[in-house]
Amino acid sequence: MNVKDLIAAAIMAAARQAMVDGVFAETELPAVMLEVPPQKEFGDFATNFAMQLARVAKTKPRQLAEAITSCLNSRAALDKNHPDALSWLREAKIAGPGFINFYLKSDWLYDLLHFVLVQGENYGRTTTGGGEKIQVEFVSANPTGPLHVGHGRGAAVGSALVNLLRAAGYDVQAEYYINDAGNQMENLAASVNARYLEIMGVETVFPENGYHGQDIIATAQRIIDQGGAKYLELPTNERLAIFKELALTEKLALLKEDLESFGVSFDKWFSERTIHDNGAIEATCQKLKASGHIYEQDGALWLKSTAYGDDKDRVVVRDNGVPTYLAADIAYHRDKFVRGFDRLINIWGSDHHGYISRVKAAVAAMGFEPERLEVLILQMVSLYQNGELVKMSKRTGRSVTLAELIEEVGCDAARFFFIMRSIDSQLDFDLDLAKSRSNENPVYYIQYAHARINSIFRQTQEAGIKMPQLADISLNQLTSEAEVELIKKIGEYPEEIALAAKERAPHHMARYAHELAGLFHSFYNQCRIIGVEPELQAARLALVTAVQNTLRSVLGILGITAPDRM
RNA sequence: GCGCCCGUAGCUCAGGGGAUAGAGCGUCGGCCUCCGGAGCCGAAAGCGCAGGUUCGAUUCCUGCCGGGCGCACCA
């Protein structure tokens, strides 16, 4: 019951009819692309179908458009399955080089709004995902310190993408891969150990690759608070082993806390250790060896990733017998596929993009179609304050943490700012703008629309104004341009979801939310709601209800609150 | 050197094979006897350069020039 789908189907039917009638030679018909034309004079919808068809049909576009429009206007080739497909059509006209513009009876808007209101909270959800099982793995930051703003972008975008895909009818699982094995764990233990010794007054050298963050000192201090000096007597390696576990447990808990307070949750936390411990890495390597994708050289085992487009082959087991990170990742990805996901989406920082080709090569070597693994690369984040770049340094461990950012600008603003840009663009995060509680701030602009609507309903309630049954509301009272524009924008919501999900691009939803809020504010300024003629009042209240439902829904996808008052 | 991302308004960014390229911030000018002025209305201002494909390119391709990020038996 989508106007565009119905029109598109009718166009196809008309085109087939024209083909049968010999207007053009038999050929495969292109897909129908319907769009909202750039100018009102061009009608409610337009298509370049005739021009697209011209290419394959080897016939002049206007001639094809002529055949199609006359067929449509005379209702000569109606789809038997949709006998009322053209009930909204007033006229199809040819324009320019061969565009077909559709002028609809205004009923289509009211039918649309009616549909939206009937759908209620479910409005916008689509089934375009077809229940495809997708796993989205994101953040997956090492549990060696607090999350910083870069992780924040991954967390916000990832969780929004999960929400978006679910709204579009995909079966989604959100997963976090915990890198709790390998060198960085040793570094963590050594760093905590050094801080521990320092605080205890024992002279020590801070490890070369250690973590310099303040949080490591805090971890050491906490160990002292709980266990005092008792670890001093232990041999170093035993102390390191204990510190490793204590630190890991603490860091992991902090990660979960940070993410939770950022509105991000995972269905599964996958521990890298499990695939080390249960022999999965070894088994995977064996398989790849048996299939000839792994060979031995210079005492190490190499994945022949060049066979699948990588620049060079990669070591999976070092000459000292210790598997590399890649080995674990290969086993991990195998595990994901074995778990039955149709598709895997990994969200990585741009500094990892060079890693894509080798993992895809490994996936291919294991016999899985590499297209089933999608890696989304997230460009970097820069913070700006007072118009100046906020410097960050990994070496000194002095960088802005996600927790600090949330403290500074709030969860909603932080999420919105992270999501609102395409992931392909580097993000200049304007702290002052995000922080401002004024009209400058797009987050508040959107939330304000929702709060305003709530305020309207508070007043109708106080005044004892009752909403009539939907069937008794004359939606065709809504005739002003502001009202029409608003209904149209609401009507676009399902396809916005479908498109954003297909493109894995949640920033479309941020933009949509802003546009919808804008049209609402504009409408609100032009059209009085409470106190006008009862029929018009009812219709406007219905419209406002639809706006509110849609705003709440899109804010839900963004993971941003929809406040009743601000 | 090679690979990935980005060059669109003064700034930050959307968009995208088609009919007059959008938004926020900033600048300038208007709007509260009226449902929340955290709002509305208006103005100035733009597709890095050069080729190519196409009926049509800001969009696709190639090269160049700028900026970012990578190029480990680290993760």
Side-chain angles (χ1 to χ4, degrees), chain A residues 33 35 37-39 41-42 46 48 51-52 54-55 60-61 95-99 101 140-142 144 179 181-185 187 209 272 297-302 311-312 314-329 349-357 377-380 382 384 387 417 420-430 432-433 436-449 451-460 463 482 507-508 510-511 514-515 517-518 520-532 537 540 544 565-566:
Chain A
M33 308 280 287
E35 57 178 20
Q39 291 169 69
E41 301 79 69
F42 295 145
N48 61 357
M51 292 182 284
Q52 298 297 339
R55 200 184 296 275
K60 290 197 172 76
F99 287 104
N101 295 333
S140 298
N142 287 345
T144 54
N179 296 124
N183 281 334
Q184 77 279 0
M185 282 294 103
N187 288 338
N209 297 318
E272 181 187 349
Q297 190 183 304
D298 304 331
L301 292 184
W302 297 72
D311 297 338
K312 50 178 284 196
R314 308 288 171 176
V315 171
V316 285
V317 179
R318 289 178 264 248
D319 53 15
N320 63 7
V322 178
T324 61
Y325 180 82
L326 179 62
D329 229 10
S350 65
D351 52 343
H352 285 73
H353 74 257
Y355 201 74
I356 297 173
S357 52
I377 291 302
L378 215 43
Q379 296 300 315
M380 299 188 50
S382 305
Y384 283 83
F417 274 64
M420 72 178 175
R421 301 300 186 212
S422 154
I423 62 168
D424 290 333
S425 278
Q426 289 171 34
L427 177 63
D428 284 354
F429 194 116
D430 185 338
D432 302 308
L433 184 60
S436 78
R437 299 187 170 263
S438 71
N439 54 352
E440 298 164 6
N441 192 329
V443 190
Y444 288 94
Y445 183 81
I446 299 164
Q447 292 184 315
Y448 184 55
R452 253 185 166 174
I453 293 170
N454 227 266
S455 166
I456 294 165
F457 287 124
R458 275 197 298 276
Q459 286 173 64
T460 55
H507 73 279
H508 286 308
R511 175 154 297 272
H514 194 264
E515 287 168 356
F520 166 74
H521 286 308
S522 183
F523 152 78
Y524 181 88
N525 246 264
Q526 283 173 251
C527 302
R528 176 98 202 154
I529 298 160
I530 297 172
V532 297
Q537 174 179 282
R540 286 187 173 159
V544 159
R565 36 164 60 96
M566 295 168 68

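Letters go in sequence order (proteins before strands), and every chain restarts at 1.
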Peer 1: Check every atom of B:A14, B:A75, B:G68 against the side chain of A:Gln426 and return the nucleotide holding the closest atom.
Peer 2: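 Among B:A14, B:A75, B:G68, the one nearest the side chain of A:Gln426 is B:G68.
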
Peer 1: Tell me whether the side-chain N/O atoms of A:Ser522 come closer than 4.0 Å to OP1 or OP2 in B:C41.
Peer 2: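 For B:C41, OP1 or OP2 has a side-chain N or O of A:Ser522 closer than 4.0 Å.
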
Peer 1: How is A:Ala449 classified with respect to the nucleic acid when contacts are heavy atoms under 4.0 Å: base, sugar-phosphate, or nothing?
Peer 2: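 Nothing, no nucleic acid heavy atom in range.
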
Peer 1: Under 4.0 Å: is that the gap between some side-chain N or O of A:His507 and OP1 or OP2 of B:G15?
Peer 2: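 Answer yes for this pair, as a side-chain N or O of A:His507 is under 4.0 Å from OP1 or OP2.
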
Peer 1: With rounding to the closest Å, how many angstrom separate the P atoms on B:C2 and B:A57?
Peer 2: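 My reading of the P atoms in B:C2 and B:A57 gives 30 Å.
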
Peer 1: Indicate, with a heavy-atom threshold strictly under 4.0 Å, whether A:Ser422 touches base, sugar-phosphate, or nothing.
Peer 2: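 The residue A:Ser422 makes sugar-phosphate contact but no base contact.
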
Peer 1: Under 6.0 Å from the CE atom of A:Met33, do we count more than 12 heavy atoms belonging to anything else shown?
Peer 2: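 No, the 6.0 Å shell around CE holds no more than 12 heavy atoms from other groups.
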
Peer 1: Would you mind reading off the distance between A:Leu326 atom CG and B:A72 atom P, rounded to a whole angstrom?
Peer 2: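 To the nearest whole Å, that distance equals 14 Å.
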
Peer 1: Can you tell me, in whole Å, how much space there is between the C1' of B:A43 and that of B:C35?
Peer 2: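 Taking atom C1' in both B:A43 and B:C35, they lie 30 Å apart.
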
Peer 1: So what does A:Ala451 touch, heavy atoms closer than 4.0 Å: a base, only the sugar-phosphate, or nothing?
Peer 2: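 Base contact.
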
Peer 1: I need the CG-P distance between A:Leu378 and B:C69, as an integer number of Å.
Peer 2: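 Roughly 15 Å, once rounded to whole Å.
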
Peer 1: Specify the glycosidic conformation (syn or anti) of B:C64, with syn defined as within 90° of 0.
Peer 2: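 Base orientation relative to the sugar is anti.
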
Peer 1: Name the residue closer to the 5' end of RNA chain B, choosing between A:Gln39 and A:Cys527 according to the nucleotide with the nearest heavy atom.
Peer 2: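 Closest to the 5' end, via its nearest nucleotide, is A:Gln39.
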
Peer 1: Rounded to whole Å, please give me the gap between CG in A:Asn209 and C1' in B:A75.
Peer 2: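 Rounded to the whole Å, the gap is 11 Å.
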
Peer 1: In whole Å, what separates the P atom of B:U8 from that of B:C47?
Peer 2: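 It works out to 10 Å between them.
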
Peer 1: Please state how far atom CZ in A:Arg565 lies from atom C1' in B:G36, giving the value in whole angstrom units.
Peer 2: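 Roughly 11 Å, once rounded to whole Å.
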
Peer 1: Any base atoms under 4.0 Å from A:Asn101, or only sugar-phosphate, or nothing? Heavy atoms, all strands.
Peer 2: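 Base contact - A:Asn101 has a heavy atom under 4.0 Å of at least one base atom.
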
Peer 1: Starting at atom CG of A:Leu427, determine the distance to atom P of B:C11, rounded to an integer number of angstrom.
Peer 2: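 The distance from CG of A:Leu427 to P of B:C11 comes to 18 Å, rounded to the nearest Å.
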
Peer 1: Assign A:Asp428 to base, sugar-phosphate, or nothing according to its heavy-atom contacts below 4.0 angstrom with the strands shown.
Peer 2: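 Answer is sugar-phosphate: A:Asp428 comes under 4.0 Å of backbone atoms only.
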
Peer 1: Quick one: label A:Tyr524 by what it contacts on the DNA or RNA (base, sugar-phosphate, nothing), any heavy atom closer than 4.0 Å.
Peer 2: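 Answer is base: heavy atoms of A:Tyr524 come under 4.0 Å of a base.
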
Peer 1: A:Tyr445 stacking on B:A38: centroids under 5.5 Å, ring planes under 30°?
Peer 2: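 No.
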
Peer 1: Mind checking if A:Met380 touches a base, just sugar-phosphate, or nothing, with heavy atoms under 4.0 Å?
Peer 2: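 Touches sugar-phosphate only.
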
Peer 1: Report yes or no: is the ring centroid of A:Phe99 under 5.5 Å from the six-membered base ring centroid of B:A19, with the two planes under 30 degrees?
Peer 2: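 Yes; centroid distance and tilt both under limits.
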
Peer 1: Parallel, tilted or perpendicular for A:Tyr355 and A:His352, by the 30°/60° rule?
Peer 2: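 Judged by the thresholds at 30° and 60°, the geometry between A:Tyr355 and A:His352 is perpendicular.
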
Peer 1: Taking CD from A:Gln52 and P from B:G18, how many angstroms apart are they, rounded to a whole number?
Peer 2: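 The distance from CD of A:Gln52 to P of B:G18 comes to 9 Å, rounded to the nearest Å.
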
Peer 1: Just N and O in the side chain of A:Ser425: are any of them under 4.0 Å from OP1 or OP2 of B:A14?
Peer 2: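 So the side-chain polar atoms of A:Ser425 do come within 4.0 Å of the phosphate oxygens OP1 or OP2 of B:A14, strictly under.
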
Peer 1: With a 3.5 Å limit on both atom pairs, tell me what B:G63 is paired to, counting Watson-Crick and G-U wobble, or say none.
Peer 2: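 Its partner is B:C49.
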
